[in-house]
Amino acid sequence: MNPAHYVDGTFLHDEAGAATFPLTDPVDGTVRGKVPEATRETVNRAVAAARTALEKGWGRGSTQERAAALHRIADGIQQRFAEFVDAEVADTGKPRDLAATVDIPRAIGNFRSYADLLYGRPERAHTTEIPGWSTGTGEALNYTVRRPLGVVAIISPWNLPLLLLTWKVAPALAAGNAVVAKPSEETPSTATLLAEVIHAAGLPAGAFNLVHGHGTDAAGAFLTSHPGVDAIAFTGESATGSAIMRGAAAHLTPVSFELGGKNAALVFADADLQAAVEGTVRSAFTHSGQICLCTERVYVERPVYEEFTAALAERARALTGYGPMISAAHRDKVLSYYRLAVEEGATVLAGGGVPHFGDARDGGFHVEPTVLTGLPQHARTVQEEIFGPVCHVAPFDTEDEAIALANDSRYGLAATVWTRDLSRAHRVPPRLENGIVWVNCWNLRDLRTPFGGIKDSGIGREGGEYSLDFFSEPVNVCVRI
Ligand code: NAD
Ligand code: 6OD
């Protein structure tokens, strides 16, 4: 498929003279399509269409109407499930079962969970009455209503393209905003299918708009620095977050940021070691490490360090069927860290290079699942986000030391704790400087829980009411009695 912009209820195919860029298959490196590059004019049209949709009443309807619309979108994705899976696999090269069991079902779940949240709400959501007390002249009844922010820009990355796009689009629409979305230039296909589904679901023209293109000095920057945008929800690299913030500063546009991570796993000697090894195989190597929640630093209590490390390396060497890096550029970045690790003194226990398949995949962007040991805590390989199938394992001696090592990072997204000690399981998580801590599991998600990071890993929280809070503004109404 050749992706198209969707602006003001219309798909813009093959605009005369419009620039395009190639869509590459990361599995074998072949070019499989072309993507239109949105101009500033196209972005302006999308923002104007979103504003007009609001002026015509989108967002002022009942919560029940919007909930029903979200369910129709979820139904539409469900009906075209196989197409969505095909498109996600084609863009990312990720294993088919991952797209079919995580990405696309979660996208459906994103719409359904926000629809369900809306059903329970009164028409004037979040109404809180505070009767009987006032600093002024007489009694008053205070209550709070929430109103949508207006036109919101949504910028999403390539690693979980539909999951992370819908994770923002669903609550933004649920709260009554009009959306202009820009997916990653690497993964435009499921976003285009989503626009088709939203079109078929009967949302008014302009309530949802989609523009394709690059970020820097292109569609992403045109959108996030646009004076007509009332809020920005972004997932991607921390450095990109800084760039977006600079562009947004001129208009004081509020931001919600989900950024990078360098997530730690702490394996205590009392843990179920087999579960910890299997859990770390999942947390380090799922989607070839291209999930912001993936573990790149593992700290293991010394008595079980050798046994754990040997078992992890053996499992990593035995992995098959893994997908590629998203692009040649990202493959090269990950390989540069594999080389840097060796220069910094690492011992490579598994992987460390490029696999050879003897088929078309040798033209693609694969790297080997890699396990490293022997680096000091300050090594760049231990401190910088690599975003590939690689983790470094180091020993620790005490609980305090483990916590200090985990916290020694500019990032603070997620951590995993492996222990069978009930007290430790509750004692350690609050001391970890992260937005999310999993105990004896990884990436187990309840969509109503707060999701996000601290330090350089983000600003704000997503999920359930947290997203609805970001995408709406509380208004105090004070009625004199
Ligand atoms: P990226 O920052 O390169 O790109 C993300 C999006 O931002 C893309 O759509 C891109 O076109 C756009 N963009 C780039 N520069 C821009 C600019 N100057 N102005 C506006 N938009 C711009 O990230 P990526 O490489 O697509 O994704 C990988 C990164 O995302 C990793 O750092 C990963 O940790 C992070 N991530 C974080 C989370 C989270 O929830 N915390 C989730 C997924 C990915
Ligand atoms: O599961 C989620 O809600 C979520 N935001 C996952 C993010 C993964 C990052 O790559």
Side-chain angles (χ1 to χ4, degrees), residues 21 35 37-38 43 92 94 102-103 105-107 109-110 113 153-168 170-171 181-188 191 210-226 229 232-248 255-263 283 286-287 289-294 296 325-327 329-330 333-334 384-388 411-414 434-436 442-464 466-467:
F21 57 92
V35 188
E37 179 78 58
V43 172
T92 60
K94 66 175 58 182
V102 177
D103 296 70
R106 240 311 283 285
N110 287 340
S113 67
I154 290 176
I155 307 277
S156 49
W158 46 260
N159 62 330
L160 302 167
L162 190 70
L163 189 161
L164 290 176
L165 176 65
T166 54
W167 180 234
K168 298 180 192 302
K182 193 205 80 67
S184 169
E185 56 274 26
E186 311 280 4
T187 52
L210 179 71
V211 293
H212 293 288
H214 288 79
T216 310
D217 298 327
F222 300 155
L223 179 57
T224 51
S225 61
H226 198 294
V229 164
I232 300 165
F234 165 73
T235 297
E237 283 190 22
S238 303
T240 310
S242 297
I244 289 176
M245 223 172 185
R246 283 193 290 277
V255 298
S256 161
F257 281 172
E258 302 292 355
L259 308 175
K262 187 75 181 177
N263 309 304
S283 72
T286 299
H287 192 17
Q290 297 171 114
I291 300 178
C292 61
L293 307 164
C294 278
E296 292 194 4
M325 301 293 93
I326 189 68
S327 62
H330 190 51
K333 175 186 159 183
V334 173
E384 298 176 11
E385 181 185 51
I386 301 172
F387 218 56
Y411 293 106
L413 185 55
N434 291 277
I436 305 156
W442 175 76
N443 205 6
L444 189 56
R445 297 274 297 113
D446 180 322
L447 304 187
R448 297 162 297 185
T449 58
F451 183 97
I454 62 174
K455 303 188 192 171
D456 287 7
S457 287
I459 297 176
R461 292 292 181 275
E462 298 185 310
Y466 298 90
S467 292

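Whatever order the structure lists ligands and atoms in, that order sets their numbers, starting from 1.
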Part of Leu164 within contact of ligand 1 (heavy atoms, under 4.0 Å): side chain

If we ignore angles and hydrogens, is there a donor and acceptor under 3.5 Å between the side chains of Ser256 and Lys168? no

Distance from atom 39 (C) of ligand 1 to nearest protein heavy atom, with residue and atom: Cys292 SG, 3.2 Å

Across all chains, not counting sequence neighbours, the side chain to side chain donor-acceptor pair (under 3.5 Å) partners of Arg448 are Asp446

Using heavy atoms and a threshold below 4.0 Å, how should the contact between Ile326 and ligand 1 be classified: side chain, backbone, both, or neither? neither

Can you find an N or O of Glu185 that's nearer than 3.5 Å to an N or O of ligand 1? yes

Counting only heavy atoms closer than 4.0 Å, does ligand 1 sit against the backbone of Thr235, its side chain, both, or neither? both

Location of contacts on Ile291 toward ligand 1, heavy atoms closer than 4.0 Å: neither

Any heavy atom of Pro183 sitting closer than 4.0 Å to ligand 1? yes

Give me the nearest non-hydrogen protein atom to atom 41 (N) of ligand 1 as residue plus atom name, then the distance to 0.1 Å. Leu259 O, 2.6 Å

Under 3.5 Å between any N/O of Thr240 and any N/O of ligand 1: does that happen in this structure? yes

Identify, for atom 35 (C) of ligand 1, the protein heavy atom at the shortest distance, and state residue, atom and that distance. Gly236 O, 3.3 Å

Any idea which atoms of ligand 2 are less than 4.0 Å away from a heavy-atom of Phe451? 2 (C), 4 (C), 5 (N), 6 (C), 7 (C)

Under the 4.0 Å line, does any protein heavy atom show up next to atom 4 (O) of ligand 1? no

Check the surroundings of atom CZ in Phe21: do more than 12 heavy atoms from other residues, nucleotides or ligands lie under 6.0 Å from it? yes

Report yes or no: does Arg106 have a heavy atom closer than 4.0 Å to ligand 2? yes

N/O separation below 3.5 Å, Arg445 to ligand 2: yes

Within the 4.0 Å heavy-atom cut-off, what Ile244 brings close to ligand 1 is side chain

Please write down residue, atom name and distance for the protein heavy atom closest to atom 8 (C) of ligand 2. Cys292 SG, 3.1 Å

Specify side chain, backbone, both or neither for Glu385, according to which of its non-hydrogen atoms lie closer than 4.0 Å to ligand 1. side chain

Check each atom of ligand 2 against the heavy atoms of Asn159 and keep those under 4.0 Å away; list them by number with element. 9 (C), 10 (O)

N/O to N/O below 3.5 Å, does that happen between Ser457 and ligand 1? no

Any N or O of Trp158 closer than 3.5 Å to N or O of ligand 1: yes

Atom 9 (O) of ligand 1: nearest protein contact (heavy atom, Å): Ser156 O, 2.8 Å

Looking at atom 28 (C) of ligand 1, what's its closest protein heavy atom, distance included? Phe387 CE2, 3.6 Å

Considering residues at least two apart in sequence or located in another chain, which fulfil the salt bridge (charged side-chain N to carboxylate O under 4.0 Å, His left out) criterion with Glu258? none

Under a 4.0 Å heavy-atom limit, does Ala218 contact ligand 1 with its side chain, its backbone, both, or neither? neither

